[in-house]
Amino acid sequence: MEDILSKVYDPEAFREAGHRLIDSLADHLGNTQHGLTEQAITWRQPDDALERWQFDPEAPGGDAIDLLQEILAESVQLHHPRYMGHQISPPAPVAALAGFLGDFLNNGMGVYEMGIPGTAMEVNVVRALAKQMGFGPEADGFLTSGGTLANLTALLAARSIRAEANVWQEGNVRPMALMVSEEAHYCVDRTARIMGWGEAGIIKIPVNDRFQMRTELLEEYYQNAAAQGMEVVAVVGSACSTSTGSFDDLEAIAAFCGKHNLWFHVDGAHGGASVFSQKYRHLVKGISLADSVVMDFHKMLLTPAVTTALVFKNGTHSHQTFRQKAQYLFGQATDPEWFNLARRTFECTKVMMGAKVYVLWRTYGTALFDTFVTRMYDLGAAFAVLIRNHPDFELAVEPECNIVCFRFKSGKDAEAENKLNARIRQSIVEDGHFYIVQTQLRGITWLRVTLVNPGTSMNMLAKLLERVVQLSKD
Ligand SMILES: *Cc1c(COP(=O)(O)O)cnc(C)c1O
């Protein structure tokens, strides 16, 4: 009998399997792009899915590539022009290939020598991003696994640098807090709680009718917190908020932080990518005044998940999050070493995520990102016009980017209207022709799209509205 390990590592079997998979992915890409594939999502009830994908570890077999093709067919199709759900890009195929290479190499990245090209690509990508954001040469940072973890890392750095106490040594010896808009992504709330600050540690600033932080209230909330003995460490600006894609006034937050010597963090997970658009970069005016900025490459920059940059205005700050020593990994050095990235990240072993961005950016240049971001934001504005001019629909707010919240107006009472829109959304997902999501704003249920596909046309968006009207009748 052939040895199982030599079978697994057989180069010729791999060559054959790899060619088959790439061929089917290329066919799939063409079919989804040209609308030959019906489904943007194949819906299944959770229990049904569990049953469908069950397996017996003691009875292996079957063809691995056939199996991968089944997974492909039943997954959400981000390359489909009728995909307009959550905030994540249809990855550029070349970036996905870089991801595949990274998986194949499995360079651990924890120490410099375990990922030499990966480390150097990552640092060059982050520095190029910092420059694009308008930061000076002293800015620096790294990539990490997702916006959620990056926000936590940034705010741990903020605490380490701005808090009066040495928290790493002494723990939280006095109550601390951060300030953020009530529309911020939930991970900021989670961060405050993870840091041990509890509910009081997150001070939520109300938003205006465009769902932007009311920065004129910062002083009042700050003084109230101070009067209660709280030490406010940081203010987080959302660029943009998740539900409605609203951009906070970063210049106003920067001025406030300057006045009180607070850390200014920008959560630009989605909208930080606006810096690449000549037409829309004004949305993030003031971003380079931040002490730290988070931006997801996997949201608006055609890169596979998860690939998130955390940029620090003052690069030396990026070394201060974790003061713990791991001598066996890093030796005796006390100087900041740009090349031992794991000193600065949560991850020890880390995916070679830099390669995915690097290959894309180096091959196609900044013009690719400008074109994509600009086109998607333009499409958001055009869809808003369509909705505004349609008698059966209303917009939650004029979109600032490619996130659009709208709903069907039935003329019924608020609760019935919420239920109707939620049912419409569920029917759309179960049907799978389109993929859209929903959100709640001040007790109202809205249908929500994030336009992330270059193939999405105005004609398709008009069809989506037609479909909603049709479903409202059923
Ligand atoms: C998506 C998003 C996050 C979370 O990022 P992940 O990469 O999904 O962890 C955080 N903040 C904002 C504003 C977001 O839009």
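In this chain, numbering begins with 1 at the start of the sequence shown. Read the numbers this way: they start at 1 and go in the same order the structure lists the ligands and their atoms. None of the values given here were measured: they were computed from a predicted structure.
For the pair E70 and R52, the salt-bridge criterion is met [side-chain N within less than 4.0 Å of a carboxylate O]. Taking a cutoff of 4.0 Å between a charged side-chain nitrogen and a carboxylate oxygen, R193 and D189 qualify as a salt bridge. Salt bridge annotation for D431-R467: present, with a cationic side-chain nitrogen under 4.0 angstrom from a carboxylate oxygen. A salt bridge between E74 and R44 is present, with a side-chain N of the basic residue lying under 4.0 Å from a carboxylate O of the acidic one. By the 4.0 Å N-to-carboxylate-O rule, R210 lies too far from E398 to be salt-bridged with it.
Residues meeting the salt bridge (Lys or Arg N to Asp or Glu O under 4.0 Å) test with E138, sequence neighbours left out: none.
Residue contacts with ligand 1, taken as heavy atom pairs separated by less than 4.0 Å, involve D296 solely via side-chain atoms from C-beta onward.
Put simply, part of C187 is less than 4.0 Å from ligand 1, judged by heavy atoms.
Residue C240 has at least one heavy-atom neighbour below 4.0 Å for each of these atoms of ligand 1: 13 (C). Interface atoms of ligand 1 facing T242, defined by a heavy-atom separation under 4.0 Å, are 12 (C), 13 (C), 14 (C), 15 (O). Near A269, meaning under 4.0 Å from any of its heavy atoms, are these atoms of ligand 1: 2 (C), 3 (C), 10 (C), 11 (N), 12 (C), 14 (C).
The shortest N or O to N or O distance between T308 and ligand 1 is not below 3.5 Å. No N or O atom of H270 sits closer than 3.5 Å to an N or O atom of ligand 1.
Of the protein's heavy atoms, K299 NZ, 4.2 Å lies nearest to atom 8 (O) of ligand 1. Ranking the protein heavy atoms by distance from atom 6 (P) of ligand 1 puts G147 N, 3.3 Å first.
Listed by first and then second residue, the ring-ring contact (aromatic ring centres under 6.0 Å, His included) pairs involving residues 342-362 are F276-W361, F322-F346, W361-F369 (not counting sequence neighbours).
A donor-acceptor contact closer than 3.5 angstrom is absent between the side chains of E183 and T244.
Across the listed options H185, H298, H86, E183, H185 owns the non-hydrogen atom lying nearest to atom 10 (C) of ligand 1. Nearest-heavy-atom check against atom 11 (N) of ligand 1 across V236, D267, T144, V266 picks out D267.
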